[in-house]
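The basis for the numbers below is simple: all heavy atoms, side chains too, and nothing from hydrogens, waters or symmetry mates. So that the names make sense, note that chain A is the first sequence line, chain B the second, and so on, each numbered from 1.
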2 protein chains.
Amino acid sequence: MKDIKHFLRQNSLRPTKQRVIIANYLFDGINKHVTAETLSNKLLKMKAGISLATIYNTLHDFYEKGLLKKLMINSERIYFDTNTEHHHHFYSKNDQKLIDINVDMKVSGLPKPPKNKKINKIEVLVHLDN
Amino acid sequence: MKDIKHFLRQNSLRPTKQRVIIANYLFDGINKHVTAETLSNKLLKMKAGISLATIYNTLHDFYEKGLLKKLMINSERIYFDTNTEHHHHFYSKNDQKLIDINVDMKVSGLPKPPKNKKINKIEVLVHLDN
DNA sequence: TCAATACATTAGAATCGTTCTAAACTGATA
DNA sequence: TATCAGTTTAGAACGATTCTAATGTATTGA
Ligand SMILES: [Mn+2]
Ligand SMILES: [Mn+2]
Ligand SMILES: [Zn+2]
Ligand SMILES: [Zn+2]
């Protein structure tokens with residue numbers, strides 16, 4: 001992303017020092033799956049001393065503006081996904097890693113949803129061994 | 001289940017008062033999705049004064065013996081499923097409820113897994129609106 | 001330019017589901 | 001029935017996340 005400050009402003013987010021650093025990292029063109037912890041570690045390596053509270057705040061702010069997707073994969077932590085298109089994932093529990101599945105998959109044989117409910121979205125999670 | 005004590009013994013679990021009550025409820029022939037909290041509430045209504053610690057212990061003991069499946073649907077709580085067959089779910093975030101999808105669904109167009117990894121299982125979660 | 005102010009950052013406390021600890025209890029066995 | 005391994009339990013601890021409230025900063029309009 002060339003002009004992160006402009007990008008943040010466009011999304012009604014003040015381009016603070018912290019948000020610029022985080023947005024520069026997250027939206028560098030390479031899709032990422034981060035947790036508060038993995039992001040914090042990455043920022044520490046970059047010598048960016050951003051508090052955990054701000055990391056949580058920023059992830060949620062970005063999420064609220066639709067810049068990130070939330071993935072509820074396991075009960076231990078929340079993943080945020082920079083790929084906001086509808087897509088599926090490989091998940092390796094072993095190395096706690098997600099990999100995007102961008103090809104168009106089809107689910108067939110789906111039964112009707114229960115009365116008065118309608119399908120919002122279908123999520124396929126492919127668990128990997130090892 | 002007719003003989004819960006025998007059933008527990010068969011699974012190398014001592015048929016204690018608490019386990020018998022919980023197993024009688026969980027394995028009554030109707031598949032269930034419970035959390036520690038929903039199970040605790042149900043047991044309270046049945047006037048069974050079983051501590052939360054025991055509820056957690058028992059759910060995990062049953063899980064370890066393969067009598068329950070664990071479902072990591074969201075980051076707020078762990079669901080245990082009495083249906084241990086491979087199957088999929090409708091999930092209503094709104095009423096925090098899971099519904100089994102027992103029909104045989106097919107996922108087509110799945111790409112190859114990454115090098116050195118193989119597919120363990122495919123889980124389809126159908127999110128319901130409302 | 002520069003207050004005034006609305007918004008953002010932060011350390012640390014609080015929350016909450018879950019796990020751990022260690023003392024009391026009980027089912028299995030002889 | 002005594003023994004003891006396995007179980008239950010209250011309450012403490014844990015860990016991810018959220019909250020609080022004090023401090024800092026981006027924005028803006030005079
Ligand atoms: Mn939890
Ligand atoms: Mn969490
Ligand atoms: Zn993704
Ligand atoms: Zn199920």
Whole Å only: how far is the [atom1] atom of [X] from the [atom2] atom of [N]?
| X | N | atom1 | atom2 | value |
| --- | --- | --- | --- | --- |
| N57(B) | dT21(C) | CG | P | 13 Å |
| N74(B) | dA16(D) | CG | P | 17 Å |
| Y56(A) | dC16(C) | OH | P | 16 Å |
| R19(B) | dG6(D) | CZ | P | 11 Å |
| L13(B) | dA5(D) | CG | P | 19 Å |
| K5(B) | dA28(C) | NZ | C1' | 12 Å |
| L52(A) | dG12(C) | CG | P | 13 Å |
| Q18(B) | dT26(C) | CD | P | 9 Å |

S75(B) side-chain N/O to dT17(D) phosphate OP1/OP2 under 4.0 Å: no
Closest to the [X] side chain, choosing from [options]:
| X | options | result |
| --- | --- | --- |
| R14(A) | dA26(D), dG27(C), dT9(C) | dA26(D) |
| H60(A) | dA26(D), dA16(D), dT18(D) | dT18(D) |
| A53(A) | dA8(C), dC19(D), dT9(D) | dC19(D) |
| P15(A) | dG17(C), dT27(D), dT17(D) | dT27(D) |

In this structure, which one of F27(B), Y25(B), Y56(B), F80(B) forms a ring pair (Phe, Tyr, Trp, His ring centres under 6.0 Å) with F62(B)? F27(B)
Have a look at T54(B) and say if it touches a base, only the backbone sugar-phosphate, or nothing, with a 4.0 Å heavy-atom cut-off. base
Taking any heavy-atom pair under 4.0 Å as a contact, classify D61(A): base, sugar-phosphate, or nothing. nothing
Is the number of heavy atoms from other residues, nucleotides or ligands within 6.0 Å of [atom1] ([X]) greater than 12?
| X | atom1 | answer |
| --- | --- | --- |
| K97(B) | NZ | no |
| E85(A) | CD | no |
| K106(B) | NZ | no |

Are D3(B) and K5(B) ion-paired here, with the side-chain N under 4.0 Å from a carboxylate O? no
On DNA chain C, compare the nucleotides closest to R9(B) and E37(B); which residue's is nearer the 5' end? E37(B)
